[in-house]
Amino acid sequence: MERNVLPRMESLLKFSFPRNDCHLSVLLVDDSSIREINRVRRNKDKATDVLSFPLSFDLHPWDLPPKKESSFGPILPLGEIVISWETCKEQAKQIGHSDEEEFFRLFVHGFLHLIGYDHERGFEDEALMRRMEDLCLDLILL
């Protein structure tokens with residue numbers, strides 16, 4: 001899986017921001033670490049599969065594929081994605097697909113949160129985010 005990760009992430013970033021170099025952090029942690037991060041950063045004392053901490057797109061989601069040509073400067077800092085590797089592997093087993101596929105599902109979910117998508121805002125936003133997840137996964141998993 002390791003040799004496939006960076007090129008796939010880069011293809012998603014180039015698709016989303018073709019005129020910019022983007023920066024994001026991805027942390028793989030265990031369940032106890034993600035629980036602590038969730039407690040400290042979100043005041044939720046529970047483990048989860050993925051957390052996202054955006055730097056640039058909190059209020060309005062970025063269009064995918066981009067509908068406008070924008071440049072945000074030499075480097076666009078997107079934020080941080082934290083994935084529980086323990087939960088990732090367990091969910092992959094439960095769902096019946098590979099650890100790699102589940103990792104990319106969690107990565108895409110976190111990435112979309114970084115660029116302003118939020119399924120917790122209501123039904124329409126949830127449906128939009130699901131469509132964007134499918135679009136992004138088609139790009140990096142095929």
Undergrad: What I'd like to find out is whether the side chain of I83 reaches to under 4.5 Å of the side chain of V50, using heavy atoms alone.
TA: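 In short, these two side chains touch, coming nearer than 4.5 Å.
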Undergrad: Is atom CD of Q94 surrounded by more than 12 heavy atoms (other residues, nucleotides or ligands) closer than 6.0 Å?
TA: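 Result for CD/Q94: enclosed.
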Undergrad: Give me the atom names and distance for the closest heavy-atom approach of C88 to F103.
TA: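 In terms of heavy atoms, the two residues are closest at SG-N, 3.4 Å.
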Undergrad: Could you walk me through whether L78 and I115 pass side chain to side chain contact (heavy atoms under 4.5 Å, CB included), step by step?
TA: CA-CA 7 Å; L78 295 176; I115 64 171; 4.1 Å; yes
Undergrad: With a 3.5 Å distance limit and no angle check, can you tell me whether H109 reaches the backbone of H113 through a side-chain donor-acceptor pair?
TA: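 Pair absent, no side-chain N/O of H109 close to backbone of H113.
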Undergrad: For the residue pair V29 and V82, establish whether any side-chain heavy-atom pair is separated by less than 4.5 Å.
TA: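 In contact.
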Undergrad: To the nearest 0.5 Å, how far apart are CG in L13 and CZ in R8?
TA: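 One finds 14.5 Å between CG of L13 and CZ of R8.
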Undergrad: Taking atom NZ as the centre, does K93 end up with more than 12 heavy-atom neighbours from other residues, nucleotides or ligands that are less than 6.0 angstrom away?
TA: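 Count not over threshold, so no.
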Undergrad: Measuring from atom CZ of F111 to atom OG of S16, what distance do you get when rounded to the nearest 0.5 angstrom?
TA: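 One gets 3.5 Å once the value is rounded to the nearest 0.5 Å.
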Undergrad: Side-chain polar contacts of residues 31-41 - donor-acceptor pairs under 3.5 angstrom, sequence neighbours left out - could you list them?
TA:
unit_1: D31; atom_1: OD1; unit_2: S84; atom_2: OG; d: 2.4
unit_1: D31; atom_1: OD1; unit_2: T87; atom_2: OG1; d: 2.6
unit_1: S32; atom_1: OG; unit_2: D30; atom_2: OD1; d: 3.2
unit_1: S33; atom_1: OG; unit_2: D30; atom_2: OD1; d: 2.8
unit_1: R35; atom_1: NE; unit_2: D45; atom_2: OD1; d: 2.9
unit_1: R35; atom_1: NH2; unit_2: D45; atom_2: OD1; d: 3.4
unit_1: R35; atom_1: NH2; unit_2: D45; atom_2: OD2; d: 3.4
unit_1: E36; atom_1: OE1; unit_2: R39; atom_2: NE; d: 3.1
unit_1: E36; atom_1: OE1; unit_2: R39; atom_2: NH2; d: 3.3
unit_1: E36; atom_1: OE2; unit_2: R39; atom_2: NH2; d: 2.6
unit_1: N38; atom_1: OD1; unit_2: R42; atom_2: NH1; d: 2.9
unit_1: N38; atom_1: ND2; unit_2: K46; atom_2: O; d: 3.0
unit_1: R41; atom_1: NH1; unit_2: E80; atom_2: OE1; d: 3.3

Undergrad: Would you kindly confirm whether L27 and V108 end up in one hydrophobic cluster when ILVMFWY residues are joined by side chain heavy atoms under 4.5 Å apart?
TA: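 Different clusters.
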Undergrad: Verify the cluster assignment for L51 and L55: are they in a single hydrophobic cluster under the rule of side-chain heavy atoms below 4.5 Å apart?
TA: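 Different clusters: L51 never reaches L55 through Ile, Leu, Val, Met, Phe, Trp or Tyr contacts under 4.5 Å.
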Undergrad: Could you measure the distance from the CG atom of L24 to the CG atom of L114? Nearest 0.5 Å is fine.
TA: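 Reported to 0.5 Å precision, the distance equals 6.5 Å.
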Undergrad: In this structure, would L76 and F53 fall into the same cluster of hydrophobic residues linked by side-chain contacts under 4.5 Å?
TA: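 Cluster IDs for L76 and F53 differ.
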Undergrad: Start with the C-alpha distance between D118 and D125, add both sets of side-chain angles, then the distance that settles side chain to side chain contact (heavy atoms under 4.5 Å, CB included), and finish with yes or no.
TA: CA-CA 6 Å; D118 191 347; D125 287 328; 5.8 Å; no
Undergrad: Can you see which heavy atom on S52 is nearest to which on P54, and at what distance?
TA: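 Scanning both residues completely, I find the closest heavy atoms to be O-CD, 3.7 Å.
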Undergrad: Any heavy-atom pair between the side chains of V26 and F107 that's under 4.5 Å?
TA: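 Yes, at least one pair of side-chain atoms sits under 4.5 Å.
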Undergrad: Which pairs, with at least one residue in residues 128-142 and sequence neighbours excluded, count as a salt bridge (charged side-chain N to carboxylate O under 4.0 Å, His left out)?
TA: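 Matches after skipping sequence neighbours: E126-R130.
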Undergrad: Check side chain to side chain donor-acceptor pair (under 3.5 Å) between H97 and all other residues, then give those that pass, not counting sequence neighbours.
TA: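 Expected list: E102.
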Undergrad: Do L139 and L12 touch side chain to side chain, with heavy atoms closer than 4.5 Å?
TA: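 Yes. Closest side-chain heavy atoms under 4.5 Å.
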Undergrad: May I have the step-by-step check of side chain to side chain contact (heavy atoms under 4.5 Å, CB included) for E101 and S98, ending in yes or no?
TA: CA-CA 5 Å; E101 184 175 344; S98 70; 3.5 Å; yes
Undergrad: Please determine whether a side-chain nitrogen of the Lys or Arg among R105 and E100 lies less than 4.0 Å from a carboxylate oxygen of the Asp or Glu.
TA: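 Salt bridge absent between R105 and E100.
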Undergrad: Please determine whether side chain to side chain contact (heavy atoms under 4.5 Å, CB included) holds for the pair C136 and F104, giving the CA-CA distance in whole Å, both sets of side-chain angles, and the decisive distance to 0.1 Å.
TA: CA-CA 10 Å; C136 293; F104 282 112; over 6 Å; no
Undergrad: Report yes or no: do L112 and F123 belong to one cluster of Ile/Leu/Val/Met/Phe/Trp/Tyr joined by side chain heavy-atom distances under 4.5 Å?
TA: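 No, L112 and F123 fall in different hydrophobic clusters.
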Undergrad: What distance do D99 atom CG and Q91 atom CD have between them, rounded to the nearest 0.5 Å?
TA: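 Going from the CG atom of D99 to the CD atom of Q91 covers 11.0 Å.
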